[in-house]
Protein chains: 2
Amino acid sequence: MDTKGRILEAALELYNMQGIRTITTRHIAAHLNMSPGNLHYHFKHTDDIIRALYERLAVAFDLELVQLQQSVTVDMDAILDLSARSFQLVYQYRFIFLHFVEIVWRIPGIGKDYQALTKRRTREFTRIFERLIENGTFRTDLPPSIWPALVKQLFIVADFWLSNNELTGRLHEKKARAAYQKTFYMMFLPFLAAPEKISRAAV
Amino acid sequence: MDTKGRILEAALELYNMQGIRTITTRHIAAHLNMSPGNLHYHFKHTDDIIRALYERLAVAFDLELVQLQQSVTVDMDAILDLSARSFQLVYQYRFIFLHFVEIVWRIPGIGKDYQALTKRRTREFTRIFERLIENGTFRTDLPPSIWPALVKQLFIVADFWLSNNELTGRLHEKKARAAYQKTFYMMFLPFLAAPEKISRAAV
DNA sequence: AAAAAATTAGTACATTTGTTCTAAAATAAT
DNA sequence: ATTATTTTAGAACAAATGTACTAATTTTTT
């Protein structure tokens with residue numbers, strides 16, 4: 001019924017499969033047995049479709065962030081949970097992450113939005129790390145500048161893990177999720193005050 | 001004189017500035033005051049240009065790898081040096097890294113090559129880590145599976161740091177290099193057996 | 001039921017792009 | 001010097017693409 005929604009769903013599916021370069025509005029319309037004219041009645045410009053999809057991702061991300069703020073306990077299990085949910089989002093909207101630079105160059109507004117989102121995410125992670133230090137979960141013998149650096153590392157890996165997978169492994173959903181999670185697990189290990197306590201569980 | 005070389009240089013410059021999506025063979029030809037026909041006499045297909053540029057990058061990377069194999073001492077200074085040279089390469093051919101997935105999807109041969117290169121790089125880094133462990137530079141209390149994980153992290157950050165910078169900071173060459181190097185420095189810190197000895201120097 | 005508004009299909013157009021073709025000009029070989 | 005080869009310019013073509021236009025059809029409102 002909701003034609004706009006159906007267009008977005010079809011676009012997401014096709015973009016995820018083939019990328020934004022090969023998929024045109026004609027392809028999306030054909031996939032829905034819809035005329036190109038009709039599609040462009042709902043989305044005047046192709047970029048409007050990409051923009052709308054990005055906004056859906058941003059909303060989902062923010063929801064995740066709010067949930068995180070409300071969580072009471074923060075330990076390594078919570079972090080692993082978080083990385084699983086992060087994968088879910090990144091995978092669902094993978095065309096964005098696989099073509100992020102191109103998309104941002106093409107639609108600068110998305111870049112602005114992403115920067116704002118990154119700032120919010122950074123604040124949240126900084127808070128989490130503070131708690132993990134107070135907690136005794138994290139080491140205290142490293143210089144404090146290590147924490148913003150870790151945040152940056154985490155973001156780069158989170159945003160581009162899938163791209164790397166596309167270049168090397170090409171693991172599919174299930175295996176990819178496990179590998180993604182393991183990567184994050186391993187990123188936190190060296191920061192734990194007592195790594196040997198946990199290391200057996202998930203390695 | 002070497003027309004092929006001039007085409008590649010112009011293509012590299014334009015691709016780096018505007019990406020492979022907006023730059024066409026016509027743009028490259030115009031930039032050289034050359035007819036499109038002439039350009040296509042030297043490179044029958046557009047993809048041949050991208051392919052040739054990738055090959056230049058791959059050769060440079062391999063050279064770096066050979067140099068690394070021959071280096072006698074391996075310490076943190078050597079690692080920092082390496083990251084500086086890595087930045088040099090990544091920055092010089094940045095259009096490849098900024099559009100890596102698209103390029104690999106478009107020209108599958110590049111994907112195969114990159115995978116082979118990654119294997120060689122992995123072997124080399126594994127060896128370096130072994131030496132750093134024997135050395136006493138690296139910690140020994142972490143599970144051994146941490147080292148391949150670290151290699152993967154390093155590769156993701158190396159390959160996509162620039163993409164992340166494009167999405168967030170947009171630092172230019174000089175500042176970008178410093179930030180890139182700092183990122184890698186910070187990635188190694190938590191693995192050092194005695195981080196406090198070095199931490200003052202470069203933080 | 002009639003009128004108004006919305007959605008849809010299908011066509012058309014201008015632009016762009018990769019590539020080919022032809023012929024001219026420059027260069028090298030004999 | 002003449003012939004052969006390589007290089008170049010410029011035009012031309014076909015396919016693709018984003019999007020606008022028009023008319024028909026469906027849906028909603030009154």
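This is a predicted model, so every value here is computed, not measured. Residue numbering restarts at 1 for every chain, and letters A, B, ... go by the order of the sequence lines.
- Atom P of nucleotide D:dT17 and atom CZ of A:Arg106 are separated by 12 Å, given to the nearest angstrom.
- The residues B:Asp2 and B:Lys4 are annotated as not salt-bridged, no charged nitrogen and carboxylate oxygen being separated by less than 4.0 angstrom.
- An OP1 or OP2 oxygen of D:dT17 is reached within less than 4.0 angstrom by no side-chain nitrogen or oxygen of A:Thr25.
- The separation between B:Ile7 atom CD1 and D:dA9 atom C1' is 14 Å, rounded to whole Å.
- A perpendicular orientation is assigned to the rings of A:Tyr180 and A:Trp161, their planes being inclined by more than 60° (bins at 30° and 60°).
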Strictly under 3.5 Å: I want the nitrogen or oxygen pairs between protein and nucleotides 10-16 of chain D, one per line.
unit_1 : atom_1 : unit_2  : atom_2 : d
D:dA12 : N6     : B:Arg26 : NH2    : 3.4

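- Using a cutoff of 4.0 Å between basic side-chain nitrogens and carboxylate oxygens, A:Asp159 and A:Arg94 are not scored as salt-bridged.
- Between A:Asp2 atom CG and C:dT8 atom P the separation is 10 Å, expressed in whole Å.
- In this structure, B:Ile28 atom CD1 and C:dT19 atom C1' are separated by 14 Å, rounded to whole Å.
- Taking the ring centre of A:Tyr91 as origin, the terminal cationic atom of A:Arg177 falls outside the region bounded by 6.0 Å and 45° from the ring axis.
- Taking the ring centre of B:Tyr93 as origin, the terminal cationic atom of B:Arg56 falls outside the region bounded by 6.0 Å and 45° from the ring axis.
- Here C:dG18 presents its P atom at 12 Å from CD1 of B:Ile107, a figure rounded to the nearest Å.
- Ion pair A:Asp113/A:Arg51 flagged as a salt bridge, since at least one NZ, NE, NH1 or NH2 atom sits closer than 4.0 Å to an Asp/Glu carboxylate oxygen.
- In this structure, A:Gln18 places its CD atom 11 Å from P of D:dT17, rounding to the nearest Å.
- Remark: the backbone N or O of A:Tyr15 is not paired with any side-chain donor or acceptor of A:His99 at under 3.5 angstrom.
- B:Arg127 and B:Glu124 are joined by a salt bridge, as a carboxylate oxygen and a charged side-chain nitrogen come within less than 4.0 angstrom of each other.
- Between the P atom of C:dA6 and the CG atom of A:Leu39 lies a distance of 19 Å, rounded to the nearest Å.
- Per the geometry, CG belonging to B:Asn33 stands 13 Å off P belonging to D:dT8, to the nearest Å.
- The stretch residues 40-50 of chain A touches DNA chain D through A:His40, A:Lys44, A:His45, A:Thr46, each having a heavy atom within less than 4.0 Å of the strand.
- Put simply, the side chain of B:Ser86 never gets that close to the backbone of B:Leu82: no donor and acceptor are under 3.5 Å apart.
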